Amino acid sequence: HRKVWSSARPPCHPDRVSLDFLLAGRNSMRWLVLLSICAALAGCFTAGKRGEKELAIYDLGLPPLRLIEENRKSPIAIEVRAPLWFDALGIEYRLAYADASRLREYGRARWAGPPAQLIQQRLIQQLGFSMAGQGASNCVLRVEITEFSQVFISPENSKGVLQGRAQWLDRSRRQVAERTLNIEKAAPTPDSRGGVSALQATTEQLATDLLAWEKQLLAVGKTGVCSG
């Protein structure tokens, strides 16, 4: 009898070949997906390092000179309020020449803190007020901000606008005096930096106006209760 030698490798089965091919394809796809995810994450971590504009964080600048020479004999508290849409970190602007009722926000610029807090801090620094709710005070100066934005009259011409009202309240929180606030300052450049500069100027003007108003009220005896 002739001896039949079998092959060392078993015959190739078509179904087995298809299965091996599919498994190999799936593994390759998994590796491709994994590599794509890693590449995307690497792009996120390196964003801003190849000439992309970084996020700009602004406050109201270095504290200017104090407007009152001596400390107040009796503490007067300051309270600055703003609606939620003006008390976030976004730097707001309007295009008055296109749609003045639409409030827009710069994408790559932010306030360091809510504008109401920044304004309150500046008024404390310049006018010697104390923070409302921290210790006893004879009176409270309440400032309610209703507008704090950069308004574009044209694509190249804009201004910082601060609007609202100020109230003097006695110890019982009864209104002693009230006035409307409407301050505008030209922006040096038609961008977020120019808008911040103009809004800084409106805040400085606010401090000057509030001090002059306080002196007027004191002269006619309306705020005498606040200092004694």
Side-chain angles (χ1 to χ4, degrees), residues 58-92 94 101 103 110-151 159-185 195-196 198-228:
Y58 292 99
D59 58 14
L60 295 178
L62 294 174
L65 296 177
R66 188 180 172 99
L67 296 181
I68 60 173
E69 297 179 358
E70 300 179 354
N71 293 330
R72 294 180 179 273
K73 296 180 180 179
S74 298
I76 297 178
I78 180 74
E79 181 181 76
V80 179
R81 298 178 175 181
L84 292 177
W85 53 92
F86 275 120
D87 208 27
L89 299 183
I91 298 176
E92 314 288 351
R94 298 180 188 273
S101 62
L103 196 61
R110 292 288 184 271
W111 290 114
Q117 293 183 16
L118 296 177
I119 295 172
Q120 178 172 282
Q121 181 187 38
R122 179 52 49 89
L123 295 177
I124 290 174
Q125 292 169 338
Q126 288 195 273
L127 300 178
F129 293 122
S130 60
M131 189 176 298
Q134 296 186 358
S137 59
N138 291 333
C139 287
V140 174
L141 176 58
R142 177 178 294 166
V143 178
E144 296 181 352
I145 304 296
T146 57
E147 183 76 22
F148 191 69
S149 67
Q150 181 183 11
V151 178
K159 59 186 178 180
V161 177
L162 187 158
Q163 295 178 346
R165 67 171 183 165
Q167 297 172 293
W168 279 98
L169 308 176
D170 64 14
R171 184 174 298 188
S172 300
R173 299 303 180 261
R174 291 175 299 188
Q175 181 174 300
V176 175
E178 180 182 13
R179 67 169 292 176
T180 300
L181 304 173
N182 188 9
I183 304 173
E184 299 180 357
K185 295 292 183 180
V196 168
L199 291 171
Q200 289 173 348
T202 65
T203 305
E204 294 178 10
Q205 185 64 54
L206 173 64
T208 301
D209 292 351
L210 290 177
L211 180 58
W213 184 42
E214 180 184 357
K215 291 179 178 179
Q216 292 173 1
L217 294 176
L218 184 61
V220 298
K222 282 193 173 182
T223 58
V225 63
C226 298
S227 58

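Being a predicted model, the structure only gives us computed values, none of them experimental.
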Heavy-atom distance under 4.5 Å between the side chains of [X] and [Y], does that happen here?
{"X": "Ile183", "Y": "Val161", "result": "no"}
{"X": "Gln126", "Y": "Pro64", "result": "yes"}
{"X": "Pro114", "Y": "Leu89", "result": "yes"}
{"X": "Thr202", "Y": "Phe148", "result": "yes"}

Considering non-hydrogen atoms only, spot the tightest contact between [X] and [Y] and give its length.
{"X": "Leu199", "Y": "Gly160", "answer": "CD2-CA, 3.9 Å"}
{"X": "Phe86", "Y": "Ser149", "answer": "CE2-CB, 4.1 Å"}
{"X": "Leu127", "Y": "Leu210", "answer": "CD1-CB, 4.2 Å"}
{"X": "Glu92", "Y": "Leu103", "answer": "OE1-CG, 3.7 Å"}
{"X": "Leu118", "Y": "Leu60", "answer": "O-CD1, 3.5 Å"}
{"X": "Ile124", "Y": "Phe129", "answer": "CG2-O, 3.3 Å"}

_Within the supplied structure, the quantity of interest is the number of heavy atoms (other residues, nucleotides, ligands) at a distance under 6.0 Å from Arg174 CZ; does it exceed 12?_
no
*side chain to side chain contact (heavy atoms under 4.5 Å, CB included) between Gln121 and Leu123: does it pass, once the steps are laid out?*
CA-CA 6 Å; Gln121 181 187 38; Leu123 295 177; over 6 Å; no
*Does the pair Arg142/Glu178 count as a salt bridge with the N-to-O cut at 4.0 Å?*
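Salt bridge: no.
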*Taking only Lys NZ, Arg NE, NH1 and NH2, and the carboxylate oxygens of Asp or Glu, determine whether Arg81 and Glu79 approach each other closer than 4.0 Å.*
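Glu79 and Arg81: salt-bridged.
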*Does the side chain to side chain contact (heavy atoms under 4.5 Å, CB included) test come out yes or no for Asn138 and Ile76, once each step is laid out?*
CA-CA 6 Å; Asn138 291 333; Ile76 297 178; 5.9 Å; no
[X] side chain vs [Y] backbone, donor-acceptor pair below 3.5 Å:
{"X": "Gln120", "Y": "Val80", "answer": "yes"}
{"X": "Thr146", "Y": "Gln163", "answer": "yes"}
{"X": "Gln200", "Y": "Asp59", "answer": "yes"}

For the atom pair [atom1] ([X]) and [atom2] ([Y]), what is the distance rounded to the nearest 0.5 Å?
{"X": "Ile145", "Y": "Leu181", "atom1": "CD1", "atom2": "CG", "answer": "6.5 Å"}
{"X": "Leu67", "Y": "Glu214", "atom1": "CG", "atom2": "CD", "answer": "11.0 Å"}
{"X": "Glu147", "Y": "Glu184", "atom1": "CD", "atom2": "CD", "answer": "10.0 Å"}

*Please walk me through it: do Trp213 and Arg179 pass side chain to side chain contact (heavy atoms under 4.5 Å, CB included)?*
CA-CA 9 Å; Trp213 184 42; Arg179 67 169 292 176; 3.3 Å; yes
*Apply side chain to side chain donor-acceptor pair (under 3.5 Å) to Lys185 and Gln205, showing your working.*
CA-CA 9 Å; Lys185 295 292 183 180; Gln205 185 64 54; 3.3 Å; yes
*asked:* Before you tell me yes or no, could you show the steps for Val140 and Arg173 under side chain to side chain contact (heavy atoms under 4.5 Å, CB included), namely the whole-Å CA-CA distance, both residues' side-chain angles and the distance that decides it to 0.1 Å?
replied: CA-CA 8 Å; Val140 174; Arg173 299 303 180 261; 3.2 Å; yes
